[in-house]
There are 2 protein chains.
Amino acid sequence: MTEDKTRGATIFDVARLAGVSHQTVSRVLNNLPNVRPATRQRVEQAIAQLRYVPSQAARALVTRRSRMLGLIVMGAPGQAPASTALHFNEAARDARYAVIQASMARADPAEVRAAAELLVQQSVEAVVVIAQQRAALDALAGLELGVPLVAIASEDRGIAARVGSDQFGGARAAVEHLIALGHTRVRHVAGPPDSMDAAERLRGWFQTIADRGLPASEPIIGDWSPASGHAAAAVIAADPQASAVFVANDLMALGLMHGLRERGIAVPGDVSVVGFDDLAETAYFDPPLTTVRQDFAVLGRNALTTALAVLGDEEAVVPTPAPTVLVERESTAARVGSPVE
Amino acid sequence: MTEDKTRGATIFDVARLAGVSHQTVSRVLNNLPNVRPATRQRVEQAIAQLRYVPSQAARALVTRRSRMLGLIVMGAPGQAPASTALHFNEAARDARYAVIQASMARADPAEVRAAAELLVQQSVEAVVVIAQQRAALDALAGLELGVPLVAIASEDRGIAARVGSDQFGGARAAVEHLIALGHTRVRHVAGPPDSMDAAERLRGWFQTIADRGLPASEPIIGDWSPASGHAAAAVIAADPQASAVFVANDLMALGLMHGLRERGIAVPGDVSVVGFDDLAETAYFDPPLTTVRQDFAVLGRNALTTALAVLGDEEAVVPTPAPTVLVERESTAARVGSPVE
DNA sequence: GAGTCGTGACCAGGGATGATG
DNA sequence: GCATCATCCCTGGTCACGACT
């Protein structure tokens with residue numbers, strides 16, 4: 001009955017029970033040498049018996065290492081950020097780091113600031129941010145929060161350490177696939193202008209078209225939502241030359257195909273469509289969607305590796321962007337009358 | 001040049017600059033009375049000037065309150081858990097609590113244990129778990145980790161504090177909607193047996209059918225994936241009596257509709273389909289899916305409220321389950337030859 | 001003198017007590 | 001006699017040093 005229910009055991013309790021000094025317990029905890037095996041075992045038994053858990057807070061106080069990382073995630077809980085966060089989280093736990101996550105639906109500067117302050121107050125060793133919107137990153141970059149900052153983003157807005165996914169290459173692969181099928185007028189439904197990923201995908205589309213000497217066309221601006229893809233269908237329908245569309249994400253592609261179907265335009269018979277993201281359900285769209293898949297596992301792990309490198313003063317080796325790969329399904333086909341096929 | 005770049009200022013630095021004792025600074029920080037306005041202002045200015053941020057680690061050490069909550073999220077980063085986690089996170093931040101999030105793709109007992117230990121080591125005040133699988137909850141319940149445990153789940157597996165969503169009511173509403181349309185044989189595509197949510201939805205389906213005196217049928221067991229819904233289409237097609245299906249989630253509903261279409265079965269002409277979750281894209285399925293929406297914002301906030309109540313020793317008032325509501329779209333219609341319509 | 005172990009200071013704050021005006 | 005402030009000790013660990021074998 002000497003047990004106290006609320007307060008856990010301390011290192012001194014363990015020391016007393018094992019008949020050693022608290023310092024010896026500390027040695028055992030940290031796997032330091034110069035402890036007799038018999039002593040070590042006595043200590044370990046006392047630890048188990050008391051269900052002793054060392055206080056990370058106390059340790060952090062003196063070592064100045066909290067073993068905590070801050071993660072700021074902005075935007076609606078879509079597949080991409082959630083998946084990246086998950087893998088970052090798992091990688092961190094493998095490295096025995098805890099992650100304080102600050103999620104927010106909107107990328108409001110005031111909220112970002114509040115979240116960042118909460119993180120540094122909890123003395124995280126570094127802050128990692130998964131950002132889509134340019135302004136969100138800028139809000140953080142101008143904050144000077146006293147700890148290293150790592151961004152998972154497609155542009156480096158004055159933030160030194162950054163990791164990303166190969167958005168550009170993915171877009172390029174998508175457009176090249178369409179061109180290889182004989183399409184000469186490949187239109188683009190882009191994401192919102194403030195999105196860095198959208199910008200990269202648009203750049204990949206434009207560059208590829210330019211490289212092939214094909215005529216450019218005006219991108220159609222969406223907002224990632226199925227509704228905006230649906231609206232884009234009207235523009236495509238009004239452009240009889242357009243036989244292929246590269247859409248900046250799967251959700252808009254879904255809306256677009258829906259809108260085309262309503263207008264009696266067949267996919268891929270009349271118009272080929274390529275998406276981006278490879279959501280779990282895209283294989284069951286009508287038709288199954290050809291799309292670009294990102295490797296969020298690599299992205300998340302890269303972010304952790306970079307954060308650890310920055311902390312360890314090993315000059316942050318910028319990892320190569322996480323790869324993207326085209327997944328061919330049934331929403332693309334050779335252009336009718338094209339020499340291909 | 002007295003500034004040190006790595007180490008932040010301490011309470012003593014602030015005290016010295018303001019010409020007071022560290023205790024007075026502490027009073028200002030905690031908004032305690034008995035500080036002259038002039039003194040308070042001097043201190044506040046010193047704080048601003050030194051960019052002083054109080055160390056939460058040091059504070060936690062003496063107050064035994066870390067202002068940190070642990071959140072364990074298991075399962076693939078689907079919409080539901082991610083959305084719940086987001087709202088919990090925002091609610092916690094509003095209450096000035098930080099959230100250490102431990103996400104894991106699989107609900108492996110060993111991983112759960114490791115995550116929980118990491119959390120208590122970081123001295124979180126309570127652990128909240130978002131669990132789908134029964135076994136995952138059990139693994140945690142048998143752990144005795146020394147801090148309060150709150151579960152966001154559909155069954156209480158020996159865990160005192162629990163909040164949930166009204167899965168049962170949602171399923172009920174879905175089936176009643178189908179019955180009102182004249183359907184007499186409503187089949188069910190269920191989630192995996194180890195899922196508590198799946199069990200509740202199945203229970204709602206079964207109960208409603210039984211209450212109406214309609215004949216029961218064997219539920220078709222899926223695994224949440226579009227592929228399993230696709231497979232279920234074969235069973236439905238082989239059952240000419242079945243004119244309606246309540247599917248336990250939207251992804252399986254998508255696969256099911258795809259499979260039905262392949263077999264020349266029209267939705268909703270021949271078979272009506274209702275899903276569950278209301279993913280963003282369901283409105284653009286073909287046809288737009290009638291489904292059940294959960295309120296994750298309420299769910300997340302309820303979880304925080306409960307956690308705070310448990311911490312405050314206010315006996316945990318079990319909040320009413322977060323509501324679910326049927327969203328009618330175009331995948332359901334009156335049964336042909338039914339007196340309704 | 002090398003391997004074991006213990007002693008005291010210290011990290012950055014909060015709380016009780018007492019001193020000062 | 002009350003508002004205001006300073007002086008200790010306390011939290012739970014780590015680290016530098018010294019003292020035994």
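In what follows, chains are A, B, ... by sequence order, proteins preceding strands, each numbered from 1.
Contact annotation for Pro54(A): backbone-only contact, meaning every heavy-atom pair under 4.0 Å involves sugar-phosphate atoms and none involves a base. Val53(A) comes within 4.0 angstrom of sugar-phosphate atoms only, judged by non-hydrogen atoms across all strands, and of no base.
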(request) For each nucleotide in nucleotides 14-21 of chain C, reading 5' to 3', give B when a protein heavy atom comes within less than 4.0 Å of its base, S when such contact involves only the sugar-phosphate, and - otherwise. (result) BBB-----

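Dashed line: the shortest gap from a side-chain N or O of Ser21(B) to OP1 or OP2 of dA6(D) is under 4.0 Å. Listed pair Thr24(A) / dG6(C) meets the phosphate criterion, a side-chain N or O lying under 4.0 Å from OP1 or OP2. Arg36(B) has a side-chain polar atom (N or O) that falls below the 4.0 Å cut-off from OP1 or OP2 of dC5(D).
Between the C1' atom of dG13(D) and the CZ atom of Arg65(A) lies a distance of 16 Å, rounded to the nearest Å. Rounded to whole angstrom, the span from the CG atom of Leu61(A) across to the P atom of dC15(D) amounts to 13 Å. For the pair Gln122(A) CD and dG13(C) C1', the interatomic distance rounds to 14 Å; values are reported in whole Å. When rounded to the nearest whole Å, the span between CG of Asn34(A) and P of dG1(C) equals 17 Å. The distance from atom CD1 of Ile47(B) to atom P of dG13(C) is 10 Å, rounded to the nearest whole Å. Taking atom CZ of residue Arg64(A) and atom C1' of nucleotide dG13(D), one finds them 14 Å apart after rounding to whole Å. If you measure from atom CZ of Arg16(B) to atom P of dA12(C), you get 12 Å, rounded to the nearest angstrom. Here the P atom of nucleotide dA12(C) and the OH atom of Tyr52(B) are 10 Å apart, to the nearest Å.
Taking CG from Leu71(B) and CD from Gln101(B), the interatomic distance works out to 5.0 Å, rounded to the nearest 0.5 Å.
Remark: Thr84(B) pairs with no residue by the side chain to side chain donor-acceptor pair (under 3.5 Å) rule, at least two apart or across chains. With sequence neighbours left out, the side chain to side chain contact (heavy atoms under 4.5 Å, CB included) criterion links Pro109(A) to Ala139(A). For Asn89(A), the side chain to side chain donor-acceptor pair (under 3.5 Å) criterion is met by Arg93(A), not counting sequence neighbours. In this structure, His87(A) has no ring pair (Phe, Tyr, Trp, His ring centres under 6.0 Å) partners at least two apart in sequence or on a different chain. Residues forming a side chain to side chain donor-acceptor pair (under 3.5 Å) with Arg16(B) (at least two apart in sequence, or on another chain): Asp13(B).
Between its two ends, the helix from dA2(C)-dT21(D) to dG21(C)-dC2(D) turns its axis by 50°, counting five pairs per end and rounding to 10 degrees.
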Got a list of side-chain donor-acceptor pairs under 3.5 Å for residues 110-138 of chain B, not counting sequence neighbours?
from: Gln122(B); atom 1: NE2; to: Ser66(A); atom 2: O; distance (Å): 3.4
from: Gln122(B); atom 1: NE2; to: Arg67(A); atom 2: O; distance (Å): 3.2
from: Glu125(B); atom 1: OE1; to: Arg65(B); atom 2: NH2; distance (Å): 2.8
from: Glu125(B); atom 1: OE1; to: Tyr97(B); atom 2: OH; distance (Å): 3.0
from: Glu125(B); atom 1: OE2; to: Ser66(B); atom 2: N; distance (Å): 3.1
from: Glu125(B); atom 1: OE2; to: Arg67(B); atom 2: N; distance (Å): 2.6
from: Gln132(B); atom 1: OE1; to: Ser195(B); atom 2: OG; distance (Å): 2.4
from: Gln132(B); atom 1: NE2; to: Asp197(B); atom 2: OD2; distance (Å): 3.0
from: Arg134(B); atom 1: NE; to: Glu155(B); atom 2: OE1; distance (Å): 3.0
from: Arg134(B); atom 1: NH1; to: Pro193(B); atom 2: O; distance (Å): 3.1
from: Arg134(B); atom 1: NH2; to: Glu155(B); atom 2: OE2; distance (Å): 2.9
from: Asp138(B); atom 1: OD1; to: Arg157(B); atom 2: NE; distance (Å): 3.1
from: Asp138(B); atom 1: OD2; to: Arg157(B); atom 2: NH2; distance (Å): 3.2

Which side-chain N or O atoms in residues 32-42 of chain B pair as donor and acceptor under 3.5 Å with protein atoms at least two apart or in another chain?
from: Arg40(B); atom 1: NH2; to: Leu32(B); atom 2: O; distance (Å): 3.0
from: Arg42(B); atom 1: NE; to: Ala18(B); atom 2: O; distance (Å): 3.0
from: Arg42(B); atom 1: NH2; to: Ala18(B); atom 2: O; distance (Å): 3.2

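Between the Glu90(A) side chain and the Ala105(B) main chain, a donor and an acceptor come within less than 3.5 Å of each other.
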